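A quick note: this is a predicted structure, and the numbers were derived from the prediction, not measured. In what follows, chains carry the letters A, B, and so on, assigned in the order in which the sequence lines appear, proteins first and then strands, with residues in each chain numbered from 1.
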There are 2 protein chains.
Amino acid sequence: MSEAPGEAPSTGRGRRPVRPSGDDRELAILATAERLLAERSLGAISVDDLARGAGISRPTFYFYFASKDAVLLSLLDRVVAEADGTMHEVFGTPATSAREGWERAIAAYYEVFRAHRALTVAWAEARSTNDEVRALWSSVFERWVTQCAVAIEAERARGAAPDGLPARDLAVALTSMNERVLYATFSGDGPSVAEADVVEVLLGVWLSAIYGTLGDV
Amino acid sequence: MSEAPGEAPSTGRGRRPVRPSGDDRELAILATAERLLAERSLGAISVDDLARGAGISRPTFYFYFASKDAVLLSLLDRVVAEADGTMHEVFGTPATSAREGWERAIAAYYEVFRAHRALTVAWAEARSTNDEVRALWSSVFERWVTQCAVAIEAERARGAAPDGLPARDLAVALTSMNERVLYATFSGDGPSVAEADVVEVLLGVWLSAIYGTLGDV
DNA sequence: GCGTAACTCGACACCCTGTTGACTCGTTCG
DNA sequence: CGAACGAGTCAACAGGGTGTCGAGTTACGC
């Protein structure tokens with residue numbers, strides 16, 4: 001809510017002391033957060049835990065971050081940058097076959113989740129309590145959906161895929177499926193698909209939905 | 001966590017004074033919870049809000065329910081009963097066509113969400129913070145998945161659907177998609193499918209995934 | 001009219017968040 | 001050198017939430 005006195009252009013999110021060495025402290029907080037998130041949920045981690053983990057007092061924590069959520073956001077910024085990079089790479093390089101292209105996209109999505117399990121689980125959790133987190137998620141999701149919708153339309157244009165549902169609606173549904181299935185798989189809550197099979201299962205549904213033609217249903 | 005002194009067999013969950021009139025109070029609390037959930041999230045509702053809404057003091061609230069979450073669970077028990085009833089009805093009556101059968105199943109799932117928007121949104125939110133809520137969700141989800149898997153296998157057995165992914169994995173993926181897409185649609189957070197189109201979109205993906213055969217992808 | 005069980009709530013103990021104001025300490029510059 | 005400044009630090013506070021305890025107050029059967 002309150003704005004930092006000395007602005008730093010780089011991260012935008014959270015407060016950032018401009019000067020030199022206290023930088024280590026900020027990194028220590030981030031590292032502590034990542035470590036603790038691997039063992040318990042964000043809700044079960046207090047600001048005091050983060051401060052102690054970084055070797056500072058609680059008030060000092062507030063010198064570096066405006067809140068617990070700001071720490072998460074800072075961590076997420078990295079993941080988002082990575083995810084965007086991966087996405088552009090996937091949609092940028094031409095595929096040898098349609099199947100291979102979609103498989104690469106899904107595997108990439110899978111990989112982003114997998115490489116940061118704890119963080120993405122915390123992300124999903126915080127999404128329901130924090131507007132900024134929700135907005136960040138929405139923007140990432142939106143970019144994926146848009147890319148997929150464009151790709152679907154391209155396939156239809158070249159005659160490889162039949163017309164059917166609006167491409168964007170299809171992209172939203174399929175991307176939503178990926179998100180939820182991967183979340184369930186990695187968080188281990190409730191019925192889920194085995195980790196080894198998950199890309200194959202998702203790919204199967206994607207291909208059917210995009211290319212499949214129905215007979216006499 | 002402490003158990004109620006006078007047990008009542010009916011709901012199992014939460015404490016329940018057996019005797020006469022304080023029953024109204026319990027209903028008042030439930031009604032207040034439902035009303036408040038329509039305007040803000042569970043996290044933004046305090047026990048005090050519920051107590052005041054029901055015309056009692058905060059300590060008295062604890063005479064009726066063990067916690068805020070217990071109220072939610074009590075509310076959810078109703079929805080679960082309804083959802084299960086709907087599910088059995090859907091899978092119990094024979095469909096005139098395969099398409100019509102699946103459409104009815106998806107429409108039923110949609111209807112359960114829609115009739116209790118606020119509650120199901122709160123459900124999803126609390127799932128990440130409360131074990132009992134999570135478990136309840138998992139059990140409902142599991143029942144849907146099982147029913148769908150059975151139905152898919154039946155379609156394959158009668159030769160109407162081609163073999164492909166394991167029926168259960170497919171059911172998990174598709175049911176997950178429904179859950180996430182409906183949640184996004186009703187909570188209004190992030191990119192989503194228009195409410196009017198959502199059943200059609202989901203149905204399209206289900207039919208493709210279950211019956212669709214791929215050409216030369 | 002009396003015991004007992006349902007019911008009620010003021011007051012408390014505790015945990016968490018976020019803020020304030022005073023203090024240290026290194027650097028910079030007159 | 002030493003005043004001034006700004007980064008960095010934290011004890012102490014204010015405030016809001018949860019859950020509990022024990023001392024009431026009814027209401028009803030006997």
Closest to the B:Ser46 side chain, choosing from D:dT18, C:dT8, D:dT9:
D:dT18
Could you state the CZ-P distance from B:Phe63 to D:dG22, rounded to the nearest angstrom?
17 Å
Taking 4.0 Å as the cut-off, does a side-chain nitrogen or oxygen of A:Ser57 come that near to OP1 or OP2 on D:dC10?
yes
Once you round it to whole Å, what is the distance between C1' of C:dC16 and CG of A:Leu50?
13 Å
Can you check whether B:Tyr62 has a side-chain N or O nearer than 4.0 Å to OP1 or OP2 of C:dC9?
no
Would you call B:Arg40 and B:Glu125 a salt bridge, using N to O less than 4.0 angstrom?
no
Whole-Å gap separating P (D:dT18) and CD1 (B:Ile45):
11 Å
Among C:dC7, C:dT17, D:dT9, the nucleotide that comes nearest once only the side chain of B:Tyr64 is considered
C:dC7
Starting at atom CG of A:Asp23, determine the distance to atom P of D:dT9, rounded to an integer number of angstrom.
12 Å
Reported CZ-to-OG distance for the pair A:Arg143 and A:Ser139, which is rounded to 0.5 angstrom
4.5 Å
With the side chain of B:Pro59 defined as its heavy atoms from C-beta on, choose the nearest nucleotide among D:dT20, D:dT9, D:dA11.
D:dT20
Given atom CD of A:Glu26 and atom C1' of D:dT9, what is their separation to the nearest angstrom?
16 Å
Kindly determine whether A:Phe65 and A:Leu73 satisfy side-chain contact (heavy atoms from CB on, under 4.5 Å), including the steps that lead there.
CA-CA 10 Å; A:Phe65 293 95; A:Leu73 249 354; over 6 Å; no
Look only at the side chain of B:Ser176 and the backbone of B:Val172, and say whether a donor-acceptor pair between them is shorter than 3.5 Å.
yes
Between the base of D:dG19 and the side chain of B:Arg58, is there a donor and acceptor pair under 3.5 angstrom?
yes
In whole Å, what is the span from the CD1 atom of A:Ile56 to the P atom of D:dA11?
12 Å
Between D:dG17 atom P and B:Phe61 atom CZ, what is the distance in whole Å?
14 Å
Over how many whole Å does the gap from A:Ile29 atom CD1 to D:dT9 atom P extend?
9 Å
Tell me whether the rings of A:Trp102 and A:Phe91 are parallel (<30°), tilted (30 to 60°) or perpendicular (>60°).
perpendicular
Using only side-chain N and O atoms of A:Thr60, determine if any of them is under 4.0 Å from OP1 or OP2 of D:dC10.
yes
